[in-house]
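What follows is a single structure, written as structure tokens, with notes after it.
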Amino acid sequence: MSDKKKIYKPKPISGYPEWLPQVRRVEQQWLDHIREVFESYGFCNIETPAVEALEVIAAKGEDVDKEIYVLERLQKEEGDKEARLALHFDQTVPLARYVGQHFNDLVFPFKRYQTQKVWRGERPQAGRFREFTQCDIDVINVDNLPLSLDAEMPKIIHEVLSGLDIPPFEIRISNRKILLGLLDYLEVRNKTEVTRIIDKIEKLSEDSIEQLLKEHGIDEADSSEILWLALCPDLDAVFPHNEMMQEGLEELQFVMDQLSHLPNVVADLSIVRGLDYYTGTVYETMFVDDPSYGSICSGGRYDDLASSYINKKLPGVGISIGFSRLFAKMHTQLDTGRISPADVLVILNSEDDRAAASEIADTLRKNGNAVELYHAPQKFSKQLSYAEKKGIPFVWMPPFGDTVEHKVKTMATGDQVEADYKDWKAADA
RNA sequence: GCGAGCGUAGCUCAGCUGGUAGAGCACUCGGUUGUGAUCCGAGUUGUCGCGGGUUCAAGCCCCGUCGUUCGCCCCA
């Protein structure tokens with residue numbers, strides 16, 4: 001029997017992160033926290049399929065198209081007629097479809113949160129994945145939507161992020177009408193390209209921005225006016241050249257006034273966002289000490305979300321936490337050593353003690369403890385070592401030999417005290 | 001999709017100008033009185049990413065390929 005079994009050497013797939021149990025444990029705690037905050041503001045949850053019909057997803061333009069994963073059966077035969085399916089690329093498009101489809105059954109304003117994986121065929125980098133989790137909240141209404149919701153979004157996000165163990169962050173807010181109004185006034189044609197250039201202000205120098213603008217046919221006077229606006233720290237200093245700019249300035253001022261009690265929420269006119277469907281308020285969130293890591297939470301207002309799916313005007317505002325990016329930034333520091341969720345490990349002394357040990361474990365569980373029972377009567381040191389490795393904080397030591405008392409050992413200190421399993425709680429110990 | 005770097009035990013890496021692989025950690029067992037994290041002893045682990053070429057000889061050189069990391073594009 002010399003022939004070795006061939007094994008497939010396991011390796012990670014780039015852009016598809018996975019964590020060890022001790023990190024996943026923290027990840028779930030973060031997700032729980034996010035859910036609790038969202039629900040405390042009255043958002044309800046939905047989940048949509050991993051896939052949408054390709055034509056639902058692919059309508060956003062070529063840049064987006066090239067990142068879409070299409071689904072196909074391996075054994076598909078030529079000529080098989082099936083709807084082409086694609087993995088969703090964000091949660092906004094599925095939401096639009098969902099709202100259009102269930103319009104008559106939804107109550108408006110529709111406030112929903114959604115935490116799911118999304119897929120993008122990008123080159124993975126630090127904080128950038130091919131499969132990642134987003135936590136979205138959106139509010140959608142028929143015909144019009146109060147502007148104060150534009151302020152509620154960052155307020156909620158601020159509350160969420162403040163409750164997580166992360167470095168200092170800053171939520172930056174602008175209103176697209178301001179920059180787009182100026183581009184209108186300057187009669188700039190390729191607005192999308194220009195806004196994308198302005199979007200790079202975080203990474204590039206002023207000179208390179210000017211150079212890029214020049215390459216896209218913006219003359220020096222216009223270019224310096226655009227740059228001045230993007231970098232202008234004071235809303236009052238901006239002169240509105242037209243109604244659009246005026247409107248944008250007023251809206252932004254209104255939103256900022258409502259958020260004035262939050263120091264790390266700032267107006268920043270260089271924020272424009274690449275995605276074209278945003279029409280007013282836009283948000284981005286950066287780590288203060290590492291802004292080039294990218295936005296960990298972005299979003300904005302859109303005039304009509306679902307016009308491709310239903311003949312109604314449905315304005316909305318939404319924001320999305322790039323959960324995977326956020327979590328990946330921290331995960332190396334998040335290993336608490338707590339692999340198991342168990343509070344206590346019940347020792348199994350011998351086969352004869354199995355029934356008793358099992359009863360102890362059940363009773364402890366009824367009292368609200370998470371309990372793992374060791375299932376093999378192995379050496380005591382081995383069972384202790386197991387608790388140590390799994391990060392289980394307490395070990396329950398049932399009577400053995402001639403002894404009659406139960407003891408609980410606290411692993412961190414080594415202390416052992418007598419205890420009654422009928423009313424012991426890890427939380428009190 | 002484009003550009004650059006890297007690819008040696010489960011992990012982090014060493015391997016000098018080519019001479020058929022090593023450390024630390026991890027893991028397993030042991031150090032008699034049920035007591036883990038420390039200490040001591042013993043032990044297991046590799047087609048040196050894959051394919052081809054040069055050479056008496058390749059982990060080390062050349063070509064290709066795949067994977068991966070970083071930058072660009074775009075974006076959470």
Side-chain angles (χ1 to χ4, degrees), chain A residues 3-17 20 60-68 89-92 115-136 157 192-193 195-197 199-200 202-204 208 212 272-276 283-287 292-300 318-329 337 345 347-350 353 374 377-403 407-416:
Chain A
D3 55 325
K4 253 185 168 176
K5 196 177 76 176
K6 274 196 178 174
I7 61 167
Y8 170 82
K9 191 177 181 185
K11 51 199 168 194
I13 302 174
S14 177
Y16 292 79
L20 290 171
K60 282 168 83 175
E62 282 178 24
D63 277 342
V64 166
D65 282 4
K66 62 184 183 188
E67 299 194 348
I68 294 173
F89 158 101
D90 63 11
Q91 291 177 129
T92 306
T115 297
Q116 288 184 234
K117 294 250 165 87
V118 304
W119 295 268
R120 295 184 192 175
E122 301 190 70
R123 262 299 193 290
Q125 276 166 45
R128 309 183 54 188
F129 306 101
R130 291 183 153 167
E131 174 180 84
F132 59 98
T133 300
Q134 290 189 312
C135 311
D136 280 32
I157 294 304
T192 303
E193 283 168 343
T195 55
R196 281 182 180 168
I197 292 168
D199 225 29
K200 295 185 204 303
E202 185 68 61
K203 283 193 173 184
L204 301 178
S208 6
L212 279 172
V272 280
R273 314 275 301 123
L275 294 172
D276 270 341
Y283 318 101
E284 281 195 357
T285 309
M286 312 300 203
F287 289 119
S292 62
Y293 185 66
S295 177
I296 49 166
C297 182
S298 307
I319 191 162
S320 171
I321 299 174
F323 182 86
S324 300
R325 175 175 290 179
L326 180 65
F327 191 72
K329 169 91 174 169
L345 177 76
I347 296 286
L348 180 62
N349 290 317
S350 67
D353 292 318
Y374 203 88
Q378 286 174 313
K379 286 180 55 170
F380 192 70
S381 62
K382 193 171 174 74
Q383 300 193 41
L384 277 183
S385 163
Y386 176 77
E388 160 74 18
K389 279 188 281 193
K390 271 199 148 181
I392 301 173
F394 299 101
V395 170
W396 195 272
M397 299 153 61
F400 75 103
D402 297 333
T403 64
K407 284 186 173 178
V408 183
K409 181 183 183 74
T410 304
M411 293 303 283
T413 59
D415 294 344
Q416 299 174 192

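Computed from a prediction, not measured in an experiment: that's the story for all the values here. These numbers come from the heavy atoms of this one structure, side chains and all, not from hydrogens, waters or symmetry mates. Proteins come first, then strands; the chains are lettered A, B, ... in the order of their sequence lines, and each starts at number 1.
The nucleotide B:C16 finds no pairing partner, because no Watson-Crick or G-U wobble arrangement with both distances shorter than 3.5 Å includes it. Judged by Watson-Crick or G-U wobble contacts below 3.5 Å, the nucleotide B:U54 has no partner. With a 3.5 Å ceiling on both atom-pair distances, B:G46 lacks any Watson-Crick or G-U wobble partner. Under the Watson-Crick or G-U wobble criterion, with both distances below 3.5 Å, B:G3 is paired with B:C70. The partner of B:G24, taking Watson-Crick or G-U wobble pairs whose two distances both stay under 3.5 Å, is B:C11. Base pairing of B:G34 is not made with any nucleotide, judged by Watson-Crick or G-U wobble geometry with both donor-acceptor distances under 3.5 Å. When Watson-Crick and G-U wobble pairs are counted only if both distances are under 3.5 Å, B:C29 pairs with B:G41.
Taking the side chain of A:R123 as heavy atoms from C-beta on, and the options B:C75, B:G34, B:C72, the nearest nucleotide is B:C72. Listed nucleotides: B:A76, B:G36, B:U68. Nearest to the side chain of A:S385: B:G36. When distances run from any side-chain atom of A:K409 to the nucleotides B:G36, B:U69, B:U28, the shortest one goes to B:G36. In the set B:G34, B:U35, B:A76, the nucleotide with an atom closest to the side chain of A:F129 is B:A76. Among the nucleotides B:G34, B:C73, B:A76, the one closest to the side chain of A:F400 is B:G34. For A:R325, the listed nucleotide lying nearest its side chain is B:C75; candidates were B:U28, B:C73, B:C75. Nearest to the side-chain atoms of A:Q134 among the listed nucleotides B:C75, B:A76, B:U28 stands B:A76.
Between A:W119 and A:E67 the shortest side-chain heavy-atom distance does not fall below 4.5 Å. Looking only at side-chain heavy atoms (C-beta outward), A:M411 and A:P393 stay at 4.5 Å or farther from each other.
Taking only distance into account, the side chain of A:R128 meets the base of B:C74 through a donor-acceptor pair shorter than 3.5 Å. At a cut-off of 3.5 angstrom, the base of B:A76 holds at least one donor-acceptor pair with the side chain of A:E122. Residue-to-nucleotide contacts include no donor-acceptor pair under 3.5 Å from the side chain of A:Q125 to the base of B:U69.
On the C1' atoms, B:U45 is 16 Å away from B:U12, given to the nearest whole Å. Taking atom P in both B:C16 and B:U54, the straight-line distance is 24 Å, to the nearest Å. If you take atom P in B:G7 and the same atom in B:C61, they sit 10 Å apart, rounded to whole Å. Between the P atoms of B:C2 and B:U65, the separation comes to 12 Å (whole Å). A gap of 27 Å separates the P atoms of B:C25 and B:U20, to the nearest Å. Only the C1' atoms considered, B:G1 is 44 Å distant from B:C27, to the nearest whole Å. Across B:G22 and B:U32, the matching P atoms stand 33 Å from one another, rounded to whole Å. As rounded to the nearest Å, B:G46 and B:A26 have C1' atoms that lie 16 Å from one another.
Here A:F132 packs flat against the base of B:A76; its ring centre is closer than 5.5 angstrom to the base's six-membered ring, tilted by less than 30 degrees.
In this structure, the CZ atom of A:R130 is 8 Å from the P atom of B:G1, given to the nearest Å. Rounded to an integer number of Å, the gap from A:W119 CH2 to B:C74 C1' is 20 Å. If you measure from atom CE of A:M411 to atom P of B:U38, you get 12 Å, rounded to the nearest angstrom. Residue A:E388 contributes atom CD, which lies 12 Å from atom C1' of B:U35 at whole-angstrom precision.
Using a cutoff of 4.0 Å between basic side-chain nitrogens and carboxylate oxygens, A:E284 and A:R273 are scored as salt-bridged.
In this structure, A:Y374 has its ring center closer than 6.0 angstrom to the ring center of A:Y386.
Using a 4.0 Å heavy-atom distance criterion, A:G414 is classed as a base contact.
Because its NZ or CZ atom is both nearer than 6.0 Å to the ring centre of A:F287 and within 45° of the ring axis, A:K329 counts as a cation-pi partner of that residue.
When each of A:K379 and A:A126 is assigned the nucleotide of RNA chain B with its nearest heavy atom, A:K379 is the one assigned upstream, toward the 5' end. If you find the closest nucleotide of RNA chain B to A:K382 and to A:S295, the one lying nearer the 5' end belongs to A:K382.
To the nearest 0.5 Å, atom CZ of residue A:R325 and atom SG of residue A:C297 are 11.5 Å apart.
Nearest heavy-atom pair, A:V408 versus A:W396, reported as atom, atom and distance to 0.1 Å: CG2-CZ3, 3.0 Å.
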